[in-house]
Amino acid sequence: MSLRSFFSQRRQASANKRRFSGNHSPHCPPPKKRWRDYVMRFLIALVLLLSAIWLLMAIWYQFGTSSPVTWIVALVVIGLLVPLLSLKYRSKLMHKMARKNHNKMPSLAKVGKWLMGGYALVWTLGLLWFFSIEPKQDRNWQPEVSQVLSYTRDANNPDLVTFTNVRNFDWHTDEDADEHWETRTVDMSKLSGIDVTNSYWMGPLIAHTLVSFRFEDDRPLAFSFEIRKEEDESFSALAGFFRRYELSLIGAEERDIIYTRSNARGEQVYLLPISHLQQHEVQALFESYLKAADELNAEPDWYNTLVSNCTNIIFYMARIVSGDRLPWDYRIWVSGWLPNYLYDVGMLDAAPESSAQPWSMEMWYERTHINPKVRDFNAPFATYDNNDDNQSSAFSQQIRQGIPIPPLADSQAEAEASAKSTAKASDE
């Protein structure tokens, strides 16, 4: 074999090796990409962009726009991400530079690996930092969330529960109120039902959800999971994704916690009595609130707009009590549609009046709308005395006008059968 033939074969073997291994010289353009390659590149770019946005928003909500930390992290992330995402558009330039420098320029693959490794390191450190942020109890809280709900049980009768820091404010406007934190004792053996209140403050999809427990011989007691805002804070749904607000559990008189929404703030409020429940289910849900109070007192927790908000926390607790009677549904995360969900699963009696036709969902919204019922109700008083118990009872009675209050079911079989019958009727 001649020397010329030998080198010719070596060059051909080298070219074949580069072709099959995917390492292309500057003089040999890469093969044409298939559509799967473009889809994969798009998905990778999308993940990188979304992860960068998440990290930058987390930094922004924790430190603010004026903090040097925010700007430094933003510059680092952008400095890594921009060349990484534009790397494929610089391939021709890199090949030209490689030819001029006799292949001494680093390959695109190597540059991409360094950029990807740097971004992955920064993002991982950001993720570790984010999950290291701990909620606190000792901040400068706004007055309506300044106290923590706690309770004790009677040693001789565990059904007697005495709450401390039950809120009973006199609201003049949505920002002006006379503060009153009270002690109140209730008898769990006298629990007679549950009402769910939805207060719409930003369109038909978003509502704040409260739960009121009725008693046979006493006025209702309302519970509400809320963000614990500091003095200089206002609510932001986006900020709720980034550990910006602690979670609080408020126990309150309805004259306070519902009045402030229907009258002081002008939100549209609906009160829905839950049907087909047994007393042990009502008591079990009440116990769940006691447990939640214990847990928040022992260790504060974060509010989360998606997974730990005023609606789905209630659903988690209620599902432990009622199980499959409350199936999973997307409306658990769209709080404004919670009444429709309750209607469809048979928890709102389809025929609350025995001689009347079953109520449609539109009828439920019309009858349970409490704003017209309490438009002239005057909650603030010149003096604060024991007569406020009567005023609280009067408000609770007024918001239930025209709403039939369902009795408790005698057995599980009766409750489940009635709920299924109601759900079937609501579909017709």
Side-chain angles (χ1 to χ4, degrees), residues 191-200 203-214 223-225 237 240-241 247 249 270-292 295 303-352 358-365 367-368 403-428:
L191 283 165
S192 61
I194 295 173
D195 299 320
V196 171
T197 299
N198 252 29
S199 183
Y200 293 81
L205 299 182
I206 300 178
H208 181 76
T209 305
L210 308 87
V211 172
S212 294
F213 288 88
R214 298 190 305 270
F223 291 103
S224 174
F225 285 102
F241 286 100
L247 182 69
L249 174 60
Y270 300 81
L271 185 140
L272 304 156
I274 305 302
S275 303
H276 315 309
L277 294 175
Q278 301 173 80
Q279 189 180 53
H280 77 84
E281 291 179 302
V282 179
Q283 291 179 345
L285 186 58
F286 193 88
E287 291 271 10
S288 295
Y289 277 95
L290 300 183
K291 182 179 179 181
E295 291 175 348
Y303 172 93
N304 185 281
T305 301
L306 182 63
V307 298
S308 299
N309 60 43
C310 63
T311 303
N312 54 37
I313 292 178
I314 298 170
F315 175 77
Y316 301 150
M317 297 191 305
R319 201 168 192 277
I320 293 174
V321 174
S322 297
D324 293 339
R325 292 180 60 192
L326 294 175
W328 293 99
D329 191 282
Y330 69 94
R331 287 170 290 188
I332 300 306
W333 290 273
V334 186
S335 53
W337 290 344
L338 181 63
N340 302 71
Y341 168 78
L342 295 172
Y343 182 77
D344 290 342
V345 299
M347 303 306 283
L348 299 179
D349 195 340
W359 285 6
S360 64
M361 193 65 241
E362 289 75 17
M363 179 67 74
W364 273 106
Y365 276 118
R367 295 290 186 91
T368 61
I403 304 175
I405 304 302
L408 293 172
D410 293 328
S411 66
Q412 182 175 354
E414 176 189 343
E416 292 180 355
S418 299
K420 289 180 180 179
S421 175
T422 298
K424 182 178 179 180
S426 66
D427 290 335
E428 295 176 354

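Numbering starts at 1 and runs along the sequence shown. All values below were derived from every heavy atom in this structure, side-chain atoms included, with hydrogens, water molecules and symmetry-related copies excluded. In this text the structure is predicted, and so the values were computed from the model without any measurement.
- Classification of the Y289-F213 ring pair by plane angle, with boundaries at 30° and 60°, yields perpendicular.
- Looking only at distances, no side-chain donor or acceptor of T209 sits under 3.5 Å from a matching main-chain atom of C310.
- To the nearest 0.5 Å, the span separating CD1 on I206 from CG on N198 amounts to 12.0 Å.
- Residues Q279 and L191 approach most closely at NE2-O, 2.9 Å, considering heavy atoms.
- Across all non-hydrogen atoms, the minimal contact from I332 to T311 is O-CG2, 3.8 Å.
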For this session: Take W337 and Y330 through the test side-chain contact (heavy atoms from CB on, under 4.5 Å) and record every step on the way to the result.
Result: CA-CA 9 Å; W337 290 344; Y330 69 94; 3.5 Å; yes

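- By the 30° and 60° cut-offs, the orientation of the rings of W333 relative to W328 is parallel.
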For this session: Evaluate the side-chain contact (heavy atoms from CB on, under 4.5 Å) criterion for residues L326 and M347: first the C-alpha distance (whole Å), next the side-chain angles of each, then the deciding distance (0.1 Å), finally the verdict.
Result: CA-CA 9 Å; L326 294 175; M347 303 306 283; 4.2 Å; yes

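- Separating the CZ atom in F241 from the OG1 atom in T305 is a distance of 5.0 Å, to the nearest 0.5 Å.
- Here the CG atom belonging to L272 is positioned 7.5 Å from the OG1 atom belonging to T197, to the nearest 0.5 angstrom.
- Under the 4.5 Å side-chain criterion, counting only non-hydrogen atoms from C-beta, N340 is in contact with Y365.
- Residues D349 and S275 share a closest heavy-atom pair of N-OG, 3.2 Å.
- Between W364 and P273, the shortest heavy-atom contact is CZ3-CD, 4.0 Å.
- Of the listed residues (L210, N309, L247), just one forms a side-chain contact (heavy atoms from CB on, under 4.5 Å) with F225, and that residue is L247.
- We find the OG-CD1 distance between S192 and I405 to be 8.5 Å, quoted to the nearest 0.5 Å.
- A distance of 8.5 Å separates CG of L348 from NE2 of H276, quoted to the nearest 0.5 Å.
- For the pair H208 and S224, the tightest heavy-atom approach, listed with the atom from each and the gap, is NE2-OG, 2.7 Å.
- The CG atom of L408 sits 7.5 Å away from the CZ atom of R214 when rounded to the nearest 0.5 Å.
- Closest of all the heavy-atom pairs between Y303 and S308 is CD1-O, 3.5 Å.
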